[in-house]
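Step one of this worksheet: look at the structure below.
Lettering follows sequence order; numbering is per chain, from 1.
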Number of protein chains: 2
Amino acid sequence: MGNKNATDLLTVGSDRSPSRAREDYVKAIYQLGGGAPVRAAAVARYLNVSRVSVSKAKRLLEGDGLLEAEAAPAKPLRLSHKGRALAVAMVRRHRLLETFLHRSLDVPLERVHAEAERIEHVISDDLASRIAAFLGRPSSDPHGHPIPYDDATTSGGPLPTLASVAAGARVVVVSLDDRDDEAVGALASAGVLPGATLRVERSDTAKVRVRCGTRVVSLNRRHAAMVRIAT
Amino acid sequence: MGNKNATDLLTVGSDRSPSRAREDYVKAIYQLGGGAPVRAAAVARYLNVSRVSVSKAKRLLEGDGLLEAEAAPAKPLRLSHKGRALAVAMVRRHRLLETFLHRSLDVPLERVHAEAERIEHVISDDLASRIAAFLGRPSSDPHGHPIPYDDATTSGGPLPTLASVAAGARVVVVSLDDRDDEAVGALASAGVLPGATLRVERSDTAKVRVRCGTRVVSLNRRHAAMVRIAT
DNA sequence: CATTTTTGTTACCCATGGCTAACGCTAACC
DNA sequence: GGTTAGCGTTAGCCATGGGTAACAAAAATG
C-alpha cells in the first residue's frame, strides 16, 4: 500500500498546528486590539460565541504559547510574540487570497472574504509566498486593506468612516470592511471602491448621499459606516 | 459592529456540510472501491485509523445519507448516490487544485498532493469551476489522473504498474500515485512522468531499470509500483 | 453611594473524532 | 475439523469546541 507519507489525514484533535478555531481566536484578538489587550467579551461578540467559549479558549491558547499568560484576575487577552506573528501571518494569507481570488479568478468582491476565510487556515506559508510572487507582491487587497509582508506593527488608529463626515466634504475611499458581504456588494455596485473620490451631498440619520464620479448614490448609514476614508 | 453575515466561524461540530473527516471517509471508500462496496478494514488501513473509528464513522455517514444504510451484518460500505456525487466532487477539486498549483504556482510535483489534500475541503464548487475555467478545463492532473467534469462512472479496472512488466517491454507512463510524495519526487527527477515512453531493461526483485529517452534510470520496486502504464 | 449591568469563571451537557481492550463471528490454513 | 487470523462491534476513555445556568466581582449608571 503506497502509503509512506501517510500523514494521517483524519487527526483533528491531535493536530500539532493551531486549529481553525484557535487561529480565529488569535486573529480576532489581533484585529480587535491591534496589539493592545482585548476584553474577552469583545472577542465573544466578534466571533459570535459565548463568553464561556472564549474563557476556555484562553486556557488552551495560553498552553499553546499564543497568549501571554497573566494569571491576573483582571485579565484582558494579550497576544504573545508567537501569537502576534501568527495573527499577522493569517492577515497576510487572507489578504493575499482575496487579492488572488478577485484578480485572477474573477470572484466577485462581496464573495472573496468568505472564501478566503476558509482557505487561509489550510495553505502553507510556502504557498502564500508563491501567491504573493504570482501577484507581484501587491500592497493592498481589493477592499483597500494593506498586505503585511514583514511582521510590521499595524499603522495608527482606525480611519474615520463615511458615516462620520458632514455634508459638503470631499473624501477619498481608503477601504471597505470586508466582513460585511452585503455592504460590500452594495458599495461595489455603486462604484464606491478604494481610490474613488466622493463628494458628500447630504448626510442625515437614515441615509448618506454622495456623488461618485458622475453618479449620485444614496447609501444607508450602515453601509456608509463600512467605508473608511481620508480627506 | 459590522457583522451582519456573521456565519459563526468557529462552529466545528455543528457544521451543516460534511466535515473534513467525513469527506475523507467518502473519498477513501470511493477510491478503494470505485463504486463497488468496500470492506471497513480496508478503509481503516487506507486512512491510518482504527477499525473502530470506521465503524463509528459508518453510522454518522449513514445519518448524513452518504452511505447506503444496509442493516445487514455482512456490511461492506457502499456509497449512496449523494455519497458518490460528493466523492466525485472531491476528486475533481483535488485534481483541479493539483493542476493549478503545479501549472500556475510552480509548486513542485511531489508537494501538490499534500497541499491540495487540505484545500479541497474548503473551496466552494463555484471556486472549483472558476479554477477549471482559468486552466481551460484540463483533462488530467499533473500525475496523469483524469479530471471528472460530470459525475461519470470511473473507467475500467486499474492499469498495470511498472513493477509488473517483464524486461524488454516498451511502455507509456499513464500516471503516478500521488499519495506517495517521496516516490513522486524520485520519479519526477528521473523523468518518469505521464506521457513518457519507457523501455524496461531489467526487472528483478529489488530494482527495475528502465530507459527513459536517452537516460537509463534504476528504480526500486516500491517506486515502480507507483507508476501506472499502458503499452 | 447604591443599584444595575457587564464580565469572567465554574460546573455541567453535547457531538465529533480519535484511541484501546475485549468479544463474537467468519474465513482461511494446516 | 481445529486452530488461527481477520473483521466488525461494543464499551469506555480522551481532547476539542460548542452550548446553559449560575455566581461573584468589577464597572457603569443613576
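Not counting sequence neighbours, A:Arg228 has no partner by the salt bridge (charged side-chain N to carboxylate O under 4.0 Å, His left out) test. Listed by chain and number, the residues in a side-chain hydrogen bond (donor to acceptor under 3.5 Å, both in side chains) with B:Arg78 amount to none (sequence neighbours excluded). Every residue meeting the salt bridge (charged side-chain N to carboxylate O under 4.0 Å, His left out) condition with B:Glu115, not counting sequence neighbours, appears here in chain and number order: B:Arg118. Here B:Ser80 pairs with nothing under the side-chain hydrogen bond (donor to acceptor under 3.5 Å, both in side chains) rule; sequence neighbours left out. By the salt bridge (charged side-chain N to carboxylate O under 4.0 Å, His left out) test, A:Asp106 pairs with no residue at all, sequence neighbours left out.
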Handout entry: Per-nucleotide protein contact string for nucleotides 19-24 of chain C (B base, S sugar-phosphate only, - none; heavy atom under 4.0 Å)
Key = BBB---

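Rounded to a whole Å, the CZ atom of A:Arg78 is 15 Å from the P atom of C:dG8. Per the geometry, CG belonging to B:Asp64 stands 8 Å off P belonging to C:dT16, to the nearest Å. Atom-to-atom, CZ of A:Arg20 to C1' of D:dG17 comes out at 13 Å; the value is rounded to the nearest Å. Spacing between atom CG of A:Leu66 and atom C1' of D:dT16 amounts to 15 Å, rounded to whole angstrom units. Going from atom CD1 of A:Ile29 over to atom P of C:dG8 covers 12 Å, rounded to whole Å. Protein atom CZ of B:Arg22 is 14 Å distant from nucleotide atom C1' of C:dG18, rounded to whole Å. Between B:Leu47 atom CG and C:dG18 atom P there is a gap of 8 Å when expressed in whole angstrom units. Spacing between atom CD of A:Glu62 and atom P of C:dT9 amounts to 9 Å, rounded to whole angstrom units.
Counting only heavy atoms from C-beta on, B:Ala41 has its side chain closest to D:dG8 among D:dG18, C:dT7, D:dG8. Nearest to the side-chain atoms of B:Arg59 among the listed nucleotides C:dG17, D:dT10, C:dT9 stands D:dT10. Among the nucleotides D:dT9, C:dG17, C:dG8, the one closest to the side chain of B:Ala21 is C:dG17.
The aromatic rings of A:Phe134 and B:Phe134 stand perpendicular to each other, their planes meeting at an angle above 60°, with 30° marking the opposite boundary.
Here the rule is side-chain hydrogen bond (donor to acceptor under 3.5 Å, both in side chains) with A:Glu98, and of A:His143, A:Arg93, A:His145, A:Arg103 only A:His143 fits it.
Applying the 4.0 Å criterion to OP1 and OP2 of C:dT9, one finds that A:Ser55 has a side-chain N or O inside that range. Between C:dT16 and B:Tyr25, no contact under 4.0 Å exists linking OP1 or OP2 to a side-chain N or O.
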